[in-house]
K.L.:
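Dumping the structure here so I can ask a few things about it.
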There are 2 protein chains.
Amino acid sequence: MVSIMLTAAGFHVLLALASGSGHGYAVMRFVEEVSGGAVRLGPGTLYRTINRLVADGLVEESYEGDPEAPHDARRRYYKLTVAGERAARDEAQLMARMVTAAREAGLIA
Amino acid sequence: MVSIMLTAAGFHVLLALASGSGHGYAVMRFVEEVSGGAVRLGPGTLYRTINRLVADGLVEESYEGDPEAPHDARRRYYKLTVAGERAARDEAQLMARMVTAAREAGLIA
DNA sequence: TGGGCTATATCCACCGTGGATATAACCATT
DNA sequence: AATGGTTATATCCACGGTGGATATAGCCCA
């Protein structure tokens, strides 16, 4: 399959980062929350996916942590690159088409 | 990752079948069309995915072909089972949540 | 100072994917 | 009736992503 170059896990990570979840563990919780618990990214998939996204130039490490949060030396912060934003947008638009098709098929309201 | 038990390819096939594409090749064209060419299911992924869905009880072979179409001995027709419809609906709803989240994040309009 | 949660990282076996290859039936044209 | 392009299904292999366990360690509260 082709889509763009994103796996499902990759899209979830990009969406979480776009939604303001700055570091890995926050991404994990975001994905679980936004999916109502249906999607869970285990640590293996999570950190490997982040590293792949960094290698692909869709995500970059950010050395400015969340100013609201208390300092936590363990955390590594990430943000979308321009290419990452574009990839996330493309994939979201593709998904929106799928949802529309599902509506037209009478699968959902 | 968990979602339900569907891979991306699996969902595309279920959606195509729910939309009235009765046989494998029609599924392939539907997926390509509905995605604007962004998603392509090669024959390998396509037929293997169908067989897996049959084995999982989400799809069953239907021996009543499309009455509109001219007879074609090569075609094998398929339709969703009740479980397949439920799985497709669950996945579509999950996708709708992701699209909503993407809107809230300002990724798409 | 002990325990539970937060946070990141790596490893392995398994499974799905992509793409090539093969086969053959269908249909229009010559 | 032969040709060629499209439709249609099927199988194979190497590759890469996934899931889940395991490890390590910093954080925070009692």
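On a predicted model such as this, the values are computed, not experimentally measured, just so you know. Sequence lines set the chain letters: A, B, ... in the order given, protein chains first and strands last, and positions in each chain run from 1.
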K.L.:
What is the separation between atom NE2 on B:His71 and atom P on C:dC26, rounded to the nearest whole Å?
P.N.:
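For the pair B:His71 NE2 and C:dC26 P, the rounded distance is 7 Å.
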K.L.:
Considering every strand and a 4.0 Å limit on heavy-atom distances, what is the contact class for A:Gly24: base, sugar-phosphate, or nothing?
P.N.:
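If one applies the 4.0 Å heavy-atom cut-off, A:Gly24 turns out to touch the sugar-phosphate alone, with no base involved.
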K.L.:
Which residue lies toward the 5' end of DNA chain D, B:Asn51 or B:Asp72, if each is placed at its nearest nucleotide?
P.N.:
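Result: B:Asp72.
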K.L.:
If only atom types and distance count, is the side chain of A:Thr45 paired as donor or acceptor with the main-chain N or O of A:Leu41 below 3.5 Å?
P.N.:
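No, A:Thr45 side chain to A:Leu41 backbone: no donor-acceptor pair under 3.5 Å.
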K.L.:
Choosing from C:dT17, D:dT18, C:dT8, which nucleotide comes nearest the side chain of A:Ala9?
P.N.:
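Nearest listed nucleotide: D:dT18.
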K.L.:
A:His23 has an atom NE2; how far is it from atom C1' of C:dA9, in whole Å?
P.N.:
16 Å
K.L.:
Report yes if at least one side-chain N or O of B:Arg29 is closer than 4.0 Å to OP1 or OP2 of D:dA8; otherwise report no.
P.N.:
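Yes, such a contact exists.
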K.L.:
Give the rounded distance in Å between these two atoms: CG of A:Leu46 and C1' of C:dA9.
P.N.:
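Whole-Å distance recorded here is 11 Å.
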K.L.:
In whole Å, what is the span from the CG atom of A:Leu6 to the P atom of D:dG16?
P.N.:
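Rounded to whole Å, this separation is 17 Å.
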K.L.:
Select one nucleotide: of C:dT21, D:dC27, D:dC12, the one nearest the side-chain heavy atoms of B:Arg48.
P.N.:
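Nearest nucleotide to the side chain: D:dC12.
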K.L.:
Just compare D:dC28, D:dA8, C:dT8 and give me whichever is closest to any side-chain atom of B:Arg75.
P.N.:
D:dA8
K.L.:
If I take atom OH in residue B:Tyr77 and atom C1' in nucleotide D:dT9, what distance separates them, rounded to the nearest angstrom?
P.N.:
13 Å
K.L.:
Among the nucleotides D:dG17, D:dT11, C:dA7, which one has an atom lying closest to any side-chain atom of A:Thr7?
P.N.:
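From the listed options, D:dG17 comes nearest.
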K.L.:
Among the nucleotides C:dA7, D:dT18, C:dC26, which one has an atom lying closest to any side-chain atom of A:Tyr47?
P.N.:
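Shortest atom-to-atom distance from the side chain points to C:dA7.
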K.L.:
Tell me: OH of A:Tyr25 to P of D:dA25, nearest whole Å?
P.N.:
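About 18 Å, once rounded to whole Å.
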K.L.:
For B:Pro43 and B:Arg52, find the nucleotide of DNA chain C closest to each by heavy atoms; which residue's nucleotide sits nearer the 5' end?
P.N.:
B:Arg52
K.L.:
Quick one: does any side-chain atom of B:Asp66 pair with a main-chain N or O of B:Glu68 as donor and acceptor, under 3.5 Å?
P.N.:
yes
K.L.:
When the distance from CG of B:Leu53 to P of C:dG16 is rounded to whole Å, what number comes out?
P.N.:
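B:Leu53 atom CG is separated from C:dG16 atom P by 10 Å.
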K.L.:
For C:dG16 and B:Thr45 - does any side-chain N or O of the residue sit under 4.0 Å from the phosphate oxygens OP1/OP2?
P.N.:
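The answer is no; no side-chain N or O of B:Thr45 sits under 4.0 Å from OP1 or OP2.
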K.L.:
Taking A:Arg97 for its side chain and B:Val34 for its backbone only, find out whether a donor-acceptor pair lies under 3.5 Å.
P.N.:
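Answer holds: yes.
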K.L.:
To the nearest 0.5 angstrom, please state how far the CE atom of B:Met95 sits from the OG atom of A:Ser35.
P.N.:
13.0 Å
K.L.:
Once you round it to whole Å, what is the distance between C1' of C:dG16 and CG of B:Leu41?
P.N.:
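Rounded to the whole Å, the gap is 12 Å.
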K.L.:
Look only at the side chain of B:Arg103 and the backbone of B:Ala109, and say whether a donor-acceptor pair between them is shorter than 3.5 Å.
P.N.:
yes
